[in-house]
Amino acid sequence: MSDALDPEDQKILILARSARARTGAPAGAAVRDADGRTYAAADVALPSLRLTALQLAVASAVSSGATGLEAAAVVTSDDAGVVDTAVVSDLGGPGIPVYVAGPNGTPITALRS
């Protein structure tokens with residue numbers, strides 16, 4: 001990914017990386033809602049509940065009253081191609097940027113919801 005991220009997008013990448021590091025999960029994610037508030041989460045893998053970090057970050061935004069999204073970020077050790085952006089589309093509509101970075105936080109690609 002050659003384009004430099006603006007500071008607000010860089011912030012959600014840092015939040016996503018922090019969520020992943022704090023829990024030791026395979027992925028961390030963060031979203032920024034339409035009001036500029038941020039929400040971060042890590043993968044959840046319980047016997048009766050499995051949520052991706054991105055699903056949980058969006059769910060946190062919704063449960064806090066968010067009505068839209070501006071951007072999302074996922075930091076993962078998995079292939080960038082396995083990031084499912086459907087949940088971002090559910091809340092933000094089409095065209096929302098979803099930045100995907102490796103474990104060190106370096107952006108790999110920018111997907112769109």
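Computed from a prediction, not measured in an experiment: that's the story for all the values here.
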Inset, instruction - Indicate if Val87 and Leu111 have the same hydrophobic cluster label, given that clusters are the connected sets of ILVMFWY residues with side-chain heavy-atom separations under 4.5 angstrom. - result: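 In one cluster: yes.
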Do Leu54 and Ile12 belong to the same hydrophobic cluster, where Ile, Leu, Val, Met, Phe, Trp and Tyr are linked whenever their side-chain heavy atoms lie under 4.5 Å apart, directly or via other members?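 No, Leu54 does not connect to Ile12 through the hydrophobic network.
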Minimum heavy-atom separation for [X] and [Y], please, with both atom names.
X: Asp9; Y: Asp6; answer: N-OD1, 2.8 Å
X: Val98; Y: Val83; answer: CG1-CG1, 4.4 Å
X: Ala40; Y: Leu15; answer: CB-O, 4.0 Å
X: Leu56; Y: Ala42; answer: CD2-O, 3.7 Å
X: Ala19; Y: Ala41; answer: CB-O, 3.4 Å
X: Thr106; Y: Asn104; answer: N-OD1, 2.9 Å

Within the structure provided, determine whether [X] and [Y] are in side-chain contact (heavy-atom separation under 4.5 Å).
X: Val62; Y: Leu91; result: yes
X: Val58; Y: Asp90; result: no
X: Pro107; Y: Leu13; result: yes

Would you confirm whether [X], through its side chain, and [Y], through its main-chain N or O, come within 3.5 Å as a donor-acceptor pair?
X: Thr52; Y: Gln55; answer: yes
X: Asp43; Y: Ala27; answer: yes
X: Arg37; Y: Arg32; answer: no
X: Ser113; Y: Gly93; answer: yes

Contacts of Arg20 that satisfy side chain to side chain contact (heavy atoms under 4.5 Å, CB included) - sequence neighbours left out |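 Applying side chain to side chain contact (heavy atoms under 4.5 Å, CB included) to Arg20 gives Val75, Ser77, Pro103.
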Can you tell me how far the [atom1] atom of [X] sits from the [atom2] atom of [Y], to the nearest 0.5 Å?
X: Thr67; Y: Asp35; atom1: OG1; atom2: CG; answer: 6.0 Å
X: Tyr99; Y: Leu5; atom1: OH; atom2: CG; answer: 5.5 Å
X: Arg112; Y: Ile96; atom1: CZ; atom2: CD1; answer: 8.0 Å
X: Ser89; Y: Leu69; atom1: OG; atom2: CG; answer: 9.5 Å

- Message: Does Val31 form a side chain to side chain contact (heavy atoms under 4.5 Å, CB included) with Thr38? I'd like the steps, not just the answer.
- Response: CA-CA 6 Å; Val31 298; Thr38 57; over 6 Å; no
